[in-house]
Amino acid sequence: MTLRKRLAITALVSTALALLLYANRLYLMQYSLGWWTDIQHPREPNHAVPWMDGPAQATQTNGTRPPNIIIILADDLGINDVSTHGGGHTAEGVPTPNIDSIARDGVRFEHGYAGAAVCTVSRAALMTGRYPWRFGVEFTPTPGAMAKVAGTLYANSNGGLPVIVDNEKASQAKAFNDLGMPSSEVTVAEALKARGYHTLHIGKWHLGSTPDMRPNNQGFDETLFMESGLHLPVNSPDVENSKQDFDPIDKFLWPNMRFGVSYNGGKWFEPAKYLADYFTDEAITTIKKNKNRPFFMYLAHWGVHTPLQASKADYDALSNIPDHRRRVYAAMIRSIDRSVGRVLQTLKDEGLDDNTIVIFASDNGAPGYTGLPDVNQPYRGWKLTQFEGGLRVPYVAKWPGHIPAGTRYEPPITNIDIMPTVVAAAGGAMPTDRITDGVNLLPYLSPALGSKPVIQAPRALYWRDGPYRAMQDNKWKLIVSERPKKEWLFNLAVDPTEQNNLAALQPQKLAQMKTQMDAHHAAMPPSLWPSFIEMPISIDKTLDQKPLPTDETVYWYN
């Protein structure tokens with residue numbers, strides 16, 4: 001064969017290979033994150049977590065031991081998924097008796113709000129008692145691989161409205177793991193550790209994965225860290241999967257998520273079982289190990305976040321639900337409620353129940369991209385929107401002997417209030433070198449002997465996602481968006497489900513609240529990382545429902 005022929009054949013093969021790669025570019029980009037994860041982090045088989053042993057004898061401080069504190073946070077759990085707050089899934093055989101028992105034995109927050117309509121920002125508010133945009137956490141980190149395929153994946157979603165991707169910003173953004181909460185922030189774990197608490201994190205973090213942003217450098221003595229996003233391996237005989245072909249996020253998660261955790265920054269290894277049950281097993285172990293000293297536990301579940309995966313045992317127990325997707329989702333709720341029940345029972349078994357504060361909430365409202373229209377009823381909107389469905393979440397707490405059983409607390413509360421409240425319960429104080437936005441709720445919940453709690457004064461609450469913002473003040477709520485250029489004004493006292501936009505009818509109130517909102521945001525620094533995706537979200541339709549031209553849509557910035 002002549003040199004010229006060899007060169008021609010080589011050129012032909014190279015061209016064919018280039019065309020093949022180009023034709024499959026979406027596939028390669030969509031799967032590349034998972035492949036890279038396998039190379040960087042091969043998972044070891046499951047092994048015992050080497051939790052630290054607590055003291056053999058009970059410890060006290062000045063004769064009185066401060067309360068243990070447990071925060072249990074679900075992921076994407078809608079307010080109507082918990083029977084305390086709505087009908088939930090009780091008719092389908094999935095009540096939430098264990099979550100409900102916290103409200104029965106303590107307080108049900110009638111207007112409990114997430115710190116944001118999306119996870120990272122909401123969790124940063126919980127950890128710091130501050131609006132996260134005060135320290136530059138405004139958007140949830142997005143993998144660059146997802147940014148590259150977002151426009152193509154979403155081309156036919158949301159009624160054909162375009163996803164807007166700023167490729168220049170996306171190419172300049174830091175790696176996904178480098179984006180999170182600055183270590184300069186003082187967290188609830190750091191404040192409690194200073195009071196002698198042993199501090200534990202189990203589950204999701206999503207506040208950065210560099211060593212300085214991980215839990216061990218944010219006040220936690222120990223962390224069992226969820227490293228990826230599968231509840232069980234996809235092909236496990238113990239799992240039931242529900243894939244949503246209409247959801248581009250779902251299409252991205254299945255090939256790229258893995259089943260793995262790490263302990264205190266060590267190598268990745270596989271959990272022993274379905275993730276919610278595994279995290280609960282380990283939480284119970286740590287409670288028993290630390291029963292003789294004050295401890296703070298942040299148990300951050302991954303359920304009921306997509307990918308929708310249920311344990312086969314929970315799925316099989318709900319044979320009365322004919323729809324596969326609803327059945328998987330309901331089974332996931334079942335696992336979260338069971339987790340709460342097992343934690344509560346362990347506290348009783350170990351004699352810790354009377355001296356433990358337990359708080360249960362969700363990081364934001366349920367999303368519309370699961371295709372389940374009733375999860376946030378009766379409220380409008382989903383995760384990623386500033387409407388009540390995106391922000392109102394189940395919020396309950398108990399502290400026997402301090403919070404009267406059956407309390408119903410009416411004023412709005414949000415994640416920023418948790419740190420001031422539990423730090424005060426531990427006898428500590430909030431940092432004085434920075435603004436604290438939350439309030440200590442104890443004076444309003446825990447009356448002195450023979451008296452009633454004082455009444456909380458009205459205050460404004462704020463939410464922010466780039467130019468898409470909201471505030472609530474004394475039952476009035478304002479939402480402003482840049483895309484579309486629109487304002488919504490609601491009187492929640494008479495219109496709690498946000499049906500009647502009063503922006504045109506109440507110009508003075510609108511102007512007053514806009515001025516107030518602008519004043520709040522004027523002093524805020526820029527985000528630590530830019531938003532490079534703008535995504536349309538239908539307010540009243542799930543992702544699998546075709547929106548009508550008259551339906552309202554807002555753009556979420558990420």
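Residue indices begin at 1 and follow the sequence shown. Remember, predicted model here, so these are calculated numbers, not experimental data.
- No side-chain donor-acceptor contact under 3.5 Å links R214 and N217.
- For the side-chain contact (heavy atoms from CB on, under 4.5 Å) criterion with I102, the lone passing option out of I359, V340, T96, I72 is V340.
- D38 is linked by a salt bridge (charged side-chain N to carboxylate O under 4.0 Å, His left out) to R43, R258, counting only residues two or more places apart in sequence or in another chain.
- Between N364 and C119, the closest side-chain pair of non-hydrogen atoms falls below 4.5 Å.
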Step-by-step side-chain contact (heavy atoms from CB on, under 4.5 Å) determination, N290 to M297: CA-CA 10 Å; N290 292 283; M297 179 189 295; over 6 Å; no
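- Using a 4.5 Å cut-off on side-chain heavy atoms (C-beta onward), S101 and L344 make contact.
- Here the closest non-hydrogen pair linking M430 and T128 is CE-O, 3.9 Å.
- Looking at heavy atoms from C-beta onward, S339 lies out of side-chain contact with F279 at the 4.5 angstrom threshold.
- Residues Y113 and Y395 have side chains not in contact (no heavy-atom distance under 4.5 Å, counting atoms from C-beta outward).
- Side-chain atoms of T306 and D250 form no donor-acceptor pair, as typed in the model, at a separation below 3.5 Å.
- Environment of CD in Q57: sparse, with no more than 12 heavy atoms of neighbouring residues, nucleotides or ligands closer than 6.0 Å.
- Residue H41 is tested with F225, W268, W36 for a ring-ring contact (aromatic ring centres under 6.0 Å, His included); the sole match is W268.
- Listed here is the closest heavy atom pair of P55 and N292: O-ND2, 3.0 Å.
- Looking only at side-chain heavy atoms (C-beta outward), W556 and F139 stay at 4.5 Å or farther from each other.
- Partners of D417 according to the salt bridge (charged side-chain N to carboxylate O under 4.0 Å, His left out) rule, which considers only residues two or more places apart in sequence or in another chain, are R459.
- Between L126 and M419, the closest heavy-atom pair is O-CB, 4.2 Å.
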Evaluation steps, salt bridge (Lys or Arg N to Asp or Glu O under 4.0 Å), between R123 and D75: CA-CA 10 Å; R123 291 162 192 270; D75 200 317; 2.9 Å; yes
Worked verdict on F360 versus I336 for side-chain contact (heavy atoms from CB on, under 4.5 Å): CA-CA 11 Å; F360 178 89; I336 298 300; 4.1 Å; yes
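- Here K383 does not pair with D363 in a salt bridge; the nearest charged N to carboxylate O distance is not below 4.0 Å.
- Checked against a 6.0 Å centroid threshold, the rings of W133 and Y462 do not count as neighbours.
- Within the 4.5 Å cutoff, the side chain of N558 has no heavy atoms near those of the V118 side chain.
- When the side chain to side chain donor-acceptor pair (under 3.5 Å) test is applied to D316, the partners found at least two apart in sequence or on another chain are K312.
- Between the OG atom in S228 and the CG atom in N256 there is a gap of 8.5 Å [rounded to 0.5 Å].
- Using the six-membered ring where Trp is involved, H231 and Y274 have ring planes that are parallel, under 30° apart on the 30 and 60° scheme.
- With respect to D277 and R338, a salt bridge is recorded, a charged nitrogen being found less than 4.0 Å from a carboxylate O.
- Between the side chains of N241 and Q309, at least one donor-acceptor pair of N or O atoms lies under 3.5 Å.
- With respect to K193 and E222, no salt bridge is recorded, no charged nitrogen being found less than 4.0 Å from a carboxylate O.
- Nearest heavy-atom pair across A425 and P67 is O-CD, 3.5 Å.
- Counted by atom type alone, H85 and N80 present zero donor-acceptor pairs between their side chains at under 3.5 Å.
- Taking OH of Y444 as the reference point, atom CG of L441 lies at 8.0 Å (rounded to 0.5 Å).
- With sequence neighbours left out, the side chain to side chain donor-acceptor pair (under 3.5 Å) criterion links T356 to N68.
- Residues meeting the side chain to side chain contact (heavy atoms under 4.5 Å, CB included) test with T120, sequence neighbours left out: V137, T140, P141, H206, L207.
- By the 4.5 Å heavy-atom criterion applied to side chains, D81 and H89 are counted as neighbours.
- Scanning both residues, A310 and A331, for their nearest heavy atoms gives CB-CB, 3.5 Å.
- Contact annotation: the side chain of P66 approaches that of Y197 to within less than 4.5 Å [non-hydrogen atoms, C-beta and beyond].
- Aromatic pair H198/F295: ring centres not closer than 6.0 Å.
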Pair W382-T370, side-chain contact (heavy atoms from CB on, under 4.5 Å): steps then yes or no: CA-CA 10 Å; W382 318 99; T370 58; over 6 Å; no
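- In this pair, H402 and W399 present their aromatic rings parallel. The plane angle is below 30°, not in the 30 to 60° band.
- For K289, the NZ atom sits in a packed shell: over 12 heavy atoms of surrounding residues, nucleotides or ligands are nearer than 6.0 Å.
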Worked check of side-chain contact (heavy atoms from CB on, under 4.5 Å) between D465 and W463: CA-CA 7 Å; D465 175 49; W463 296 271; over 6 Å; no
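- From N355, atom CG reaches atom CZ of R65 across 6.5 Å, with rounding to the nearest 0.5 Å.
- Not counting sequence neighbours, K243 has no partner by the salt bridge (charged side-chain N to carboxylate O under 4.0 Å, His left out) test.
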